[in-house]
Amino acid sequence: MHFSIPETEVRSGENGSTYVAYNIHVNGVLHCRVRYSQLLGLHEQMKKEYGSNVVPAFPPKKIFTLTPAEVEQRREQLEKYMQAVRQDPLLGASEMFNSFLRKAQQETQQIPTEEVALDICLSNGQKVTVNILTSDQTEDVLDAVATKLDLPDDLVGYFSLFLVREGVDGGLTFVRKLQEFELPYVSITSLRSSEFHILLRKSYWDMAYDSDVMDNRIGLNLLYAQTVSDIERGWVLVNKDQHRQLKSLQEKGSKKEFIHLGQTLKYYGYIKFDPCVTDFPEKGCQVIVSAGNNELNFHVKLPNEQMKEGSFKVTRMRCWRVTSSQVPIANGTTNPCSSAKCEVKLELAFEYLMSKDRLQWVTITSQQAIMMSICLQSMVDELMVKKSGGSVKKMLRKRHNGSIHRSDSQQAVKSPPLLDSPDPNREQVVKLSTKLSTVSLRGISASNSANDISRNDFHGNYAFEGIGDDDL
């Protein structure tokens, strides 16, 4: 997730005094406002729990009132601190950190703790209304939905809650998967728009696990509704003969057979993203990206209007990162962006093994870049569990109860250069680097180097077991 503190506010305290509030944004959207003293208190708690050698350095206190320049310096330091904590596999997944963010979110939105009704959408358009507390976290809400649907406990981890936006044309935009550090009711209420909904959808990629879900009547109904919806939206490709077969199975009520046929169709189980821009195979190309089957699929429109399709396998990605920059809406200003005059530009870039000895960066400019990154990481998690002979059931349940922890002994990947020279206004965001032989996470630093874009080897198909240190 993208944590940033792009701005500060001077606010009034209870006794009439003023203080500086630091606005913490997640994915470019305000999550909470906090004071320096609140973050310092969190820091001291984490130091006591995990030790000074684990917790990042915290911006020091100042005796006198801060000047505007010092406030800006502290804002930058606190932003780096929050990003470092979130990216640490121990601290970022800790209940201490996540509960701090949940409490701060509720206080910022000034929503008292009380019982409310919350609508959760299913893929077929139906809604499930659950009675929850406004202070209930994502896992609590998911459990409440499962209880209302009578979904067994051992299948809850196969599903997640997603924040989506429904367009006037019925199109569906995936904003993000709801995280452990947020309160779903507060998150959806604070958006103040009927376009946004919370959607229940399966959270795994390998269709082999469909059989676990289909063994249960409720699981079968949920998976069937999702498959029907994806086909109707055109996310799954269906020819006339297949459409006729699907319609016949639907009329007979043969849900398992319908899903089994769906599994044979192209792009089954993929998430389709809104049209965006890529620099591959040429800069400025319009592209529709879909995630599924351990790959990112591209439908690219070249400058000469020619259409081209190709796939980038996650098993050939050496690493990836998400970056953001503030883009002025109004022209003629070089000052730092204010929330009213700027928008956040997000980019997902991954380094891809085009051939045995040639790595190349590919960049996608999309407001859904972080959602794409989350999809990639969950694919890697599944592949690593499968490769190690572990149980996906345990992994999914662990994912439901908290983030997957990675060994501190895992080797880090050397930071490669950025594809383009960094914008002076660009800020490092969710900096993920994933090496499949170890699934190691670390930040990627900026460099002034630039890579050339090749027009060859668009489609890759490299064996997962074949990737090792020598290849990368």
Side-chain angles (χ1 to χ4, degrees), residues 1 26-27 29-32 92-166 172-204 213 216 218-219 221-223 225-226 229 271 370-371 374 378 395-404:
M1 303 298 289
V26 179
N27 294 8
V29 177
L30 177 67
H31 178 78
C32 61
S94 67
E95 178 57 22
M96 185 180 295
F97 180 65
N98 290 319
S99 63
F100 172 86
L101 290 172
R102 291 193 295 265
K103 182 179 179 182
Q105 182 191 23
Q106 186 177 10
E107 290 177 349
T108 298
Q109 300 299 334
Q110 297 182 329
I111 295 179
T113 298
E114 58 185 0
E115 187 171 322
V116 292
L118 179 64
D119 288 337
I120 306 297
C121 295
L122 305 182
S123 296
N124 60 2
Q126 292 183 342
K127 293 181 179 179
V128 176
T129 302
V130 292
N131 294 319
I132 61 166
L133 294 176
T134 54
S135 57
D136 280 346
Q137 59 187 295
T138 301
E139 183 181 342
D140 296 330
V141 176
L142 181 57
D143 283 337
V145 176
T147 300
K148 189 70 176 285
L149 292 174
D150 202 23
L151 184 69
D153 288 345
D154 61 346
L155 291 182
V156 177
Y158 286 73
F159 295 87
S160 292
L161 299 176
F162 294 86
L163 179 65
V164 299
R165 185 177 70 247
E166 187 172 354
L172 199 65
T173 297
F174 278 79
V175 179
R176 69 176 183 272
K177 182 165 72 171
L178 294 181
Q179 301 294 307
E180 67 275 13
F181 57 77
E182 63 183 312
L183 310 176
Y185 178 84
V186 177
S187 293
I188 195 74
T189 303
S190 63
L191 291 170
R192 296 178 176 86
S193 174
S194 58
E195 294 180 347
F196 293 92
H197 308 287
I198 298 177
L199 175 71
L200 180 71
R201 184 180 173 92
K202 73 176 186 180
S203 58
Y204 59 90
V213 177
N216 173 264
I218 304 301
N221 289 338
L222 290 173
L223 189 57
Q226 180 177 315
S229 173
I271 287 180
I370 297 167
M371 182 64 190
I374 291 172
S378 59
M395 184 201 79
L396 291 170
R397 189 62 197 177
K398 191 174 184 180
R399 181 190 296 167
H400 174 48
N401 291 325
S403 299
I404 297 174

Under the criterion side chain to side chain contact (heavy atoms under 4.5 Å, CB included), I'd like the reasoning laid out for D143 against V156: C-alpha separation, chi angles, the key distance, then a yes or no. CA-CA 7 Å; D143 283 337; V156 177; 3.7 Å; yes

Check for a donor-acceptor pair, side chain of S378 on one end and backbone N or O of I374 on the other, with a separation under 3.5 Å. yes

Below 4.5 Å, heavy atoms only, C-beta onward: do V26 and F181 meet side chain to side chain? yes

I'd like to check the ring-ring contact (aromatic ring centres under 6.0 Å, His included) partners of F97; sequence neighbours left out, ordered by chain and number. none

Using side-chain hydrogen bond (donor to acceptor under 3.5 Å, both in side chains) as the criterion, list what pairs up with S99, not counting sequence neighbours. none

With side chain to side chain contact (heavy atoms under 4.5 Å, CB included) as the criterion, how do F162 and M371 come out once you've worked through the C-alpha distance, each side chain's angles and the decisive distance to 0.1 Å? CA-CA 10 Å; F162 294 86; M371 182 64 190; 3.5 Å; yes

Got L183 and L133 here, is their nearest side-chain heavy-atom distance under 4.5 Å? no

The complete set of salt bridge (charged side-chain N to carboxylate O under 4.0 Å, His left out) pairs with one or both residues in residues 96-111, sequence neighbours excluded, reads E95-R102

Gap between atom CD1 of I111 and atom CD of Q105 - 0.5 Å precision: 8.0 Å

Heavy atoms, side chains only, cut-off 4.5 Å: are V141 and L161 in contact? yes

Just by distance, with hydrogens left out, do T138 and Q179 show a side-chain donor and acceptor under 3.5 Å apart? no

Can a donor-acceptor pair be found, under 3.5 Å and without considering hydrogens, that links the side chain of N98 to the backbone of S94? yes

Has S135 got a side-chain atom pairing as donor or acceptor with T113's backbone, closer than 3.5 angstrom? no

Grab the two heavy atoms, one from P112 and one from T134, that are nearest each other, plus how far apart they are. O-OG1, 2.7 Å

Do E166 and T173 have side-chain N/O donor and acceptor atoms under 3.5 Å apart? no

V175/F196 under side chain to side chain contact (heavy atoms under 4.5 Å, CB included): CA gap, chis, key distance, verdict: CA-CA 9 Å; V175 179; F196 293 92; 4.1 Å; yes

List in chain and number order the residues that pass side chain to side chain contact (heavy atoms under 4.5 Å, CB included) with N216, two or more places apart in sequence or in another chain; answer none if no residue qualifies. L151, P152, L155, I218

K148 atom NZ, neighbour heavy-atom count above 12 within 6.0 Å: yes

Heavy atoms, side chains only, cut-off 4.5 Å: are I188 and L163 in contact? yes

Quick check: closest heavy atoms across L142 and F159, and the distance to 0.1 Å? CD2-O, 3.5 Å

Is a side-chain donor or acceptor of S160 paired with a backbone partner of S203 at a separation under 3.5 angstrom? no

Determine, step by step, whether L199 and L172 satisfy the side chain to side chain contact (heavy atoms under 4.5 Å, CB included) criterion, reporting the C-alpha distance in whole Å, the side-chain angles of both residues, the deciding distance to 0.1 Å, and the verdict. CA-CA 10 Å; L199 175 71; L172 199 65; 4.0 Å; yes

Contacts of type side-chain hydrogen bond (donor to acceptor under 3.5 Å, both in side chains), residue S123, not counting sequence neighbours: none

I want to check something: taking the side chain as every heavy atom from C-beta on, are V116 and N131 in contact at a cut-off of under 4.5 Å? no

For K202 and L223, which heavy atoms make the closest approach, and how far apart are they? CD-CD1, 3.9 Å

Partner of E182 under side-chain hydrogen bond (donor to acceptor under 3.5 Å, both in side chains), picked from H31, R176, Q137, is R176

Work out which heavy atom in H197 is nearest to a heavy atom in E195; give both atom names and the distance. CD2-O, 3.5 Å

For Y158 and Y204, which heavy atoms make the closest approach, and how far apart are they? O-CD2, 3.5 Å

Which distance, rounded to the nearest 0.5 Å, do you find between the CG of L122 and the CG of L200? 6.0 Å

Looking at side-chain heavy atoms only, is the closest gap between I132 and Y185 below 4.5 Å? yes

For E114, look at atom CD and say whether over 12 heavy atoms of other residues, nucleotides or ligands are found less than 6.0 Å away. yes

Mind checking what makes side chain to side chain contact (heavy atoms under 4.5 Å, CB included) contact with S194, not counting sequence neighbours? none

Quick check: do L118 and I198 have side-chain heavy atoms less than 4.5 Å from each other? yes

Check C32 against L101 and note the closest heavy-atom contact, atom names and distance. SG-CD2, 4.5 Å

Taking the side chain from S190 and the backbone from S187, do they hold a donor-acceptor pair closer than 3.5 Å? yes

